[in-house]
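Working notes, structure below.
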Amino acid sequence: MRPIQMVDTKTQYHKIKTEVDAAVLAVIESSQFIGGKEVSSFAENLAKYNGSKHVIPCANGTDALQIAMMALGIEPGDEVITPSFTYIATVEVAALLRIKPVFVEVDKKTFCIDPVAIEKAITPKTKAIVPVHLYGHAANMEAIMQIAAKHNLFVIEDNAQAIGNDYRFSDGTIKKTGAIGHIGCTSFYPSKNLGAYGDGGAIFTNDDALAEKLKMIASHGQSKRYYHDVVGCNSRLDAIQAAILNIKLTHLDEYIAARIKAADYYDKAFAGNKKIEIPYRDKNNTHVFHQYTLILHDVNRDALHAFLAEKGVPSMIYYPVPAHRQKMFDAFGGSSYKLDITDWLTERVISLPIHTELDEAQQAFIVSQVLEFINR
Ligand SMILES: *Cc1c(COP(=O)(O)O)cnc(C)c1O
């Protein structure tokens with residue numbers, strides 16, 4: 001059996017090596033390192049894939065979120081509503097811009113922001129809702145878009161973990177996550193479902209004026225070269241990364257299918273075990289399994305984590321400390337929040353290896369080790 005890894009980007013690379021190596025060398029030969037045709041064609045290809053009118057590539061997913069908040073004119077003192085049960089980037093950028101992150105609960109089953117909690121947290125200062133499609137499962141976008149329309153708020157989707165997810169509205173309309181809110185943000189961090197070989201990110205929007213603003217802010221606030229109209233930042237996707245992503249994008253659907261197949265295997269193996277709650281999949285979206293995350297009941301989670309490590313099975317806790325309990329947010333009143341579901345989940349979740357290269361022998365071993373610990 002091959003050693004088990006949380007993600008296996010190396011084996012995945014070897015399957016497309018010839019193509020990728022040629023594309024990377026072609027960029028170097030062209031010496032068009034910044035911008036150029038690989039970056040613009042990737043933006044076009046991704047826009048087509050995602051059903052978004054505009055894609056603005058940028059340096060990473062965190063920048064994408066920051067640029068989104070800047071482009072929407074959200075100002076110091078304004079509030080954005082977001083889950084605490086998430087990766088820190090989502091809320092860090094708000095704090096950086098002196099925008100107040102307002103943390104709300106997630107749904108216990110989907111791990112994503114709870115629309116009922118959103119509505120309760122709205123104040124006259126609220127400007128935007130930032131749902132996170134955590135682990136690859138979509139937030140309840142239908143309810144979120146309705147709340148946003150009713151209260152005249154922007155929606156910025158953090159789609160870093162869910163690129164490729166098809167979300168179905170009750171009228172049958174299907175849209176990709178990231179193409180539903182006013183702005184969508186994603187990351188090409190190497191372990192993401194569409195991962196580069198370094199950092200990268202992108203911003204999605206269907207709004208022409210907003211697209212212009214986003215582009216400008218990502219490029220030093222320039223309307224044309226050396227004319228700076230607004231304060232922006234410097235956030236670019238490398239041409240080499242764009243060339244790699246252009247190739248990997250053509251494989252994204254097959255990568256997603258491989259992740260879903262691995263999830264199906266785990267689901268079957270753990271079905272019926274009272275101590276293991278397998279990931280919920282709402283019929284309104286295709287969970288793309290950036291992570292395969294279990295909720296454990298009456299199990300010493302940290303002891304399981306250590307046991308698995310000893311047996312050569314990596315596992316991860318995403319995330320060991322929720323955002324509202326991070327020291328970073330003390331100044332924003334983080335510790336005054338009472339988010340019981342978030343705390344409850346934080347103590348019970350564990351993510352097992354899931355990636356495109358996982359084989360059945362590896363999965364059988366992972367399952368046997370989990371069950372050995374759970375059932376003893
Ligand atoms: C990865 C990730 C980000 C940030 O992406 P980077 O490219 O690492 O900056 C933001 N939000 C979520 C939910 C993520 O998983």
Side-chain angles (χ1 to χ4, degrees), residues 6-7 9 42 46 55-70 80-97 99 101 103-104 106-107 110-113 128-139 141 144 155-165 177-178 180-181 183-204 218 233-238 241-242 244-245 248 256 259 285 287-293 316-324 326 328 342 345-346 349 351 354-355:
M6 212 52 206
V7 279
T9 47
F42 174 63
L46 185 59
V55 167
I56 296 97
C58 64
N60 55 66
T62 308
D63 276 7
L65 290 158
Q66 181 182 329
I67 294 163
M69 289 183 200
M70 290 168 79
V80 297
I81 297 173
T82 185
S84 171
F85 193 74
T86 184
Y87 182 57
I88 197 69
T90 326
V91 285
E92 184 187 29
V93 294
L96 195 67
L97 297 170
I99 297 162
F103 299 114
V104 300
V106 288
D107 178 290
T110 65
F111 304 107
C112 294
I113 195 164
I129 305 166
V130 188
V132 183
H133 305 307
L134 202 69
Y135 307 147
H137 191 287
M141 289 308 292
I144 292 168
V155 174
I156 304 169
E157 295 176 79
D158 183 341
N159 199 35
Q161 300 191 1
I163 195 159
N165 187 325
T177 52
I180 302 168
I183 298 183
C185 296
T186 202
S187 162
F188 307 121
Y189 185 82
S191 64
K192 296 282 155 80
N193 286 20
L194 178 59
Y197 295 167
D199 276 312
I203 311 163
F204 304 88
C233 54
N234 175 25
S235 191
R236 297 185 284 240
L237 178 70
D238 270 20
Q241 298 305 337
I244 295 162
L245 287 165
K248 290 191 70 177
I256 290 170
R259 285 173 179 274
N285 78 118
H287 196 323
V288 294
F289 288 99
H290 176 58
Q291 299 298 342
Y292 184 85
T293 305
M316 292 290 274
I317 311 304
Y318 297 116
Y319 296 89
V321 181
H324 75 285
Q326 299 284 354
M328 188 197 268
T342 296
L345 286 173
T346 299
V349 289
S351 300
I354 193 158
H355 52 76

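Counting starts at 1 for both ligands and their atoms, in listed order.
For atom 15 (O) of ligand 1, the nearest protein heavy atom (residue, atom name, distance) is Gln161 NE2, 2.8 Å. The shortest contact between atom 4 (C) of ligand 1 and any protein heavy atom is with Thr62 OG1, 3.6 Å. Residue, atom and distance of the protein heavy atom nearest to atom 2 (C) of ligand 1 are Lys192 NZ, 2.7 Å.
Ring to ring, Tyr135 and His137 are not that close: their centroids are 6.0 angstrom or more apart.
Interatomic distance, Ser187 OG to Tyr87 OH, rounded to the nearest 0.5 Å: 8.5 Å. Atoms CG and CD1, on Leu237 and Ile56 in that order, are 12.5 Å from each other to the nearest 0.5 Å.
With ligand atoms numbered from 1 in the order given, ligand 1 contributes 4 (C), 10 (C) to contacts under 4.0 Å with heavy atoms of Ala89. The ligand atoms of ligand 1 that sit less than 4.0 angstrom from a heavy atom of Asn60 are 7 (O), 9 (O). Less than 4.0 angstrom separates some heavy atom of Val132 from each of these atoms of ligand 1: 13 (C).
Distances from atom 13 (C) of ligand 1 to the heavy atoms of Asp158, Asp199, Val130, Val91 show the closest one on Asp158. Residue Ser187 holds the heavy atom nearest to atom 5 (O) of ligand 1 of all those in Ser191, Ser187, Gly195.
On a distance-only criterion, Leu65 and ligand 1 share no N/O pair closer than 3.5 Å.
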Item checked: Stepwise side chain to side chain contact (heavy atoms under 4.5 Å, CB included) test for Val106 and Cys112 -> CA-CA 5 Å; Val106 288; Cys112 294; 5.6 Å; no
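Using modelled atom types, one side-chain atom of Glu157 and one backbone atom of Gly178 make a donor-acceptor pair closer than 3.5 Å.
The neighbour count for Tyr189 OH, taken as heavy atoms of other residues, nucleotides or ligands under 6.0 Å away, does not exceed 12.
Here the options are Thr82, Leu65, Ile113, Thr177, the test is side chain to side chain contact (heavy atoms under 4.5 Å, CB included), and the partner is Asp158; only Leu65 passes.
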